[in-house]
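Values in this document were obtained by computation on a predicted structure and should not be read as measured data.
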Amino acid sequence: MTTAKTKQKILQTFLDLLSDHPYEDVSLPLVAEKAKVKLSDMRGAYGSKLDLVAAFAESVDKTVLDERDEDMHDQPPRDRLFDILMSRIDALDGHKDAVRALHRAARKDPALALDFNRLEVRSQKWMLIAAGIDVSGLKAGIVAQGLSVAFARVVRVWLDEDDEGIPRTMARLDKELDSGSSFMKRLNGIEGIAKGMRSFLRKASAGRRGRHRHKQDETDHEPDYSGEEAAGA
């Protein structure tokens, strides 16, 4: 069984290689060689490069969750989410070149972009939880997907920004969250309409069933003259 220490060494080696090489050039055998581990250990730790990317995303998630500011709980949801996503940028900061390599790879390969998007949606669901924003069911997936797209735009700005204060990155995040607030209002409106329509359809369906039962009861209680008619014939 591969130890946690070995898994961490493999992951760090993978990120280091991404800092100097394109994603497509970083193979599992190369990672194993540079990490000085056997291929069997590599297989026991990560079955694919996507597994390594997933482990990286999970490590960033955990950092944000561990370091979230508990004093933000009484702030508006938008402010809490801004703080969480800026913490995510901070957590990515030590791996900027690796993140850049991943973004370049996704732009070249639509199928890979979909795989990365799936991982990012999962992460953004945790960011919403960290921000204390309660969404569930289908709505959770829609909101997390929208947040994933928005955060990807923020990251693109961050990757091109040299100012340590990252003012352009923060301004872009502000803009994306403003757009997201408008989206949430529309989504809540649509959700309200959908709930109203579902309630109407349930009531209408219940009414139809009630009328059908009433009509059936009347039919069941109608006199049966078939025998008399037969006798008279």
Side-chain angles (χ1 to χ4, degrees), residues 7-8 11 14-15 46-96 98-99 102-103 105-107 109-159 169-170 172-192 194-195 198:
K7 291 184 70 172
Q8 182 56 40
L11 178 57
F14 173 66
L15 296 173
Y46 303 102
S48 67
K49 286 200 295 183
L50 189 61
D51 286 346
L52 281 159
V53 177
F56 174 47
E58 184 179 346
S59 70
V60 173
D61 295 347
K62 289 179 177 178
T63 297
V64 176
L65 293 170
D66 284 341
E67 297 181 359
R68 67 178 181 147
D69 187 354
E70 299 288 351
D71 293 334
M72 290 288 294
H73 72 278
D74 59 346
Q75 298 300 310
R78 184 195 181 283
D79 292 352
R80 297 198 304 267
L81 188 55
F82 181 92
D83 183 71
I84 287 296
L85 294 180
M86 284 307 302
S87 294
R88 190 167 186 82
I89 290 290
D90 290 341
L92 291 171
D93 192 53
H95 308 288
K96 198 167 189 175
V99 174
L102 293 173
H103 270 245
R107 287 199 296 270
D109 186 342
L112 185 64
L114 288 174
D115 286 334
F116 287 177
N117 176 73
R118 176 174 53 81
L119 298 177
E120 185 62 24
V121 168
R122 184 168 63 189
S123 289
Q124 292 302 336
K125 286 181 179 178
W126 278 107
M127 298 304 97
L128 289 165
I129 291 171
I133 297 175
D134 184 22
V135 287
S136 59
L138 178 62
K139 184 177 177 181
I142 294 172
V143 173
Q145 178 62 75
L147 193 55
S148 297
V149 173
F151 190 69
R153 296 190 188 113
V154 174
V155 169
R156 281 199 293 270
V157 173
W158 169 70
L159 288 172
T169 300
M170 290 191 289
R172 183 61 191 236
L173 180 55
D174 257 329
K175 180 180 178 180
E176 293 294 338
L177 291 182
D178 283 343
S179 298
S181 296
S182 299
F183 168 75
M184 283 299 295
K185 289 177 182 177
R186 293 196 299 273
L187 181 61
N188 288 336
I190 293 170
E191 185 180 43
K195 285 181 178 178
R198 286 195 296 269

Participant: List the atom of Ala150, the atom of Glu176, and the distance in Å for their closest heavy-atom pair.
Facilitator: CB-OE1, 3.5 Å
Participant: Does anything in residues 52-61 form a salt bridge (Lys or Arg N to Asp or Glu O under 4.0 Å)? List the pairs, not counting sequence neighbours.
Facilitator: Glu58-Lys62, Asp61-Arg88
Participant: Test Asn117 against Gln145 for side chain to side chain contact (heavy atoms under 4.5 Å, CB included), laying out the working first.
Facilitator: CA-CA 8 Å; Asn117 176 73; Gln145 178 62 75; 2.9 Å; yes
Participant: Would you say NZ of Lys175 has more than 12 non-hydrogen atoms from neighbouring residues, nucleotides or ligands within 6.0 angstrom?
Facilitator: no
Participant: As an exercise, state the distance from CG of Leu50 to CG of Leu112, rounded to the nearest 0.5 Å.
Facilitator: 7.5 Å
Participant: Before you tell me yes or no, could you show the steps for Val53 and Leu102 under side chain to side chain contact (heavy atoms under 4.5 Å, CB included), namely the whole-Å CA-CA distance, both residues' side-chain angles and the distance that decides it to 0.1 Å?
Facilitator: CA-CA 9 Å; Val53 177; Leu102 293 173; 4.0 Å; yes
Participant: side-chain contact (heavy atoms from CB on, under 4.5 Å) with Ala55: which residues, sequence neighbours excluded?
Facilitator: Leu11, Tyr46
Participant: To the nearest 0.5 angstrom, please state how far the OG atom of Ser148 sits from the CG atom of Leu119.
Facilitator: 10.0 Å
Participant: Nearest heavy-atom pair of Ala91 and Val60: which atoms, and what distance?
Facilitator: CB-CG1, 3.9 Å
Participant: Look up atom CG in Asp71 and atom NE2 in His73, then write down how far apart they are to the nearest 0.5 Å.
Facilitator: 7.5 Å
Participant: Please walk me through it: do Arg78 and Asp174 pass salt bridge (charged side-chain N to carboxylate O under 4.0 Å, His left out)?
Facilitator: CA-CA 9 Å; Arg78 184 195 181 283; Asp174 257 329; 2.8 Å; yes
Participant: I want to check something: taking the side chain as every heavy atom from C-beta on, are Phe56 and His95 in contact at a cut-off of under 4.5 Å?
Facilitator: yes
Participant: Nearest 0.5 Å, what's the CZ-OG distance between Arg153 and Ser179?
Facilitator: 7.5 Å
Participant: Looking at Lys125 and Val135, would you say the former's side chain and the latter's main chain have a donor-acceptor pair under 3.5 Å?
Facilitator: no
Participant: Inspect the surroundings of CH2 in Trp126 and state if more than 12 heavy atoms from other residues, nucleotides or ligands are less than 6.0 Å away.
Facilitator: no
Participant: Is any side-chain heavy atom of Val155 closer than 4.5 Å to one of Ile89?
Facilitator: yes
Participant: Just how far is it from atom NZ of Lys49 to atom CZ of Phe14, taken to the nearest 0.5 Å?
Facilitator: 6.5 Å
Participant: Identify the two heavy atoms, one from Ser123 and one from Ala57, that lie closest to each other, and give their separation to 0.1 Å.
Facilitator: OG-CB, 3.9 Å
Participant: Please determine if Glu70 and Arg68 form a salt bridge, counting it only when a charged side-chain N lies under 4.0 Å from a carboxylate O.
Facilitator: yes
Participant: Within the 4.5 Å heavy-atom criterion, are Phe116 and His103 side-chain neighbours or not?
Facilitator: no
Participant: As a quick check of understanding, evaluate side chain to side chain contact (heavy atoms under 4.5 Å, CB included) for Ile133 and Val143, giving each step before the final call.
Facilitator: CA-CA 10 Å; Ile133 297 175; Val143 173; 6.0 Å; no
Participant: Ignoring hydrogens, what is the shortest heavy-atom contact between Trp158 and Asp93? Give both atom names and the distance.
Facilitator: CZ2-CA, 3.6 Å
Participant: Could you check if a side-chain atom of Leu81 sits within less than 4.5 angstrom of a side-chain atom of Leu147, using non-hydrogen atoms only?
Facilitator: yes
Participant: Under a 4.5 Å cut-off applied to non-hydrogen side-chain atoms, are Arg118 and Val121 in contact?
Facilitator: no
Participant: Within this structure, what is the CD-CZ distance for the pair Gln75 and Arg80, rounded to the nearest 0.5 Å?
Facilitator: 8.5 Å
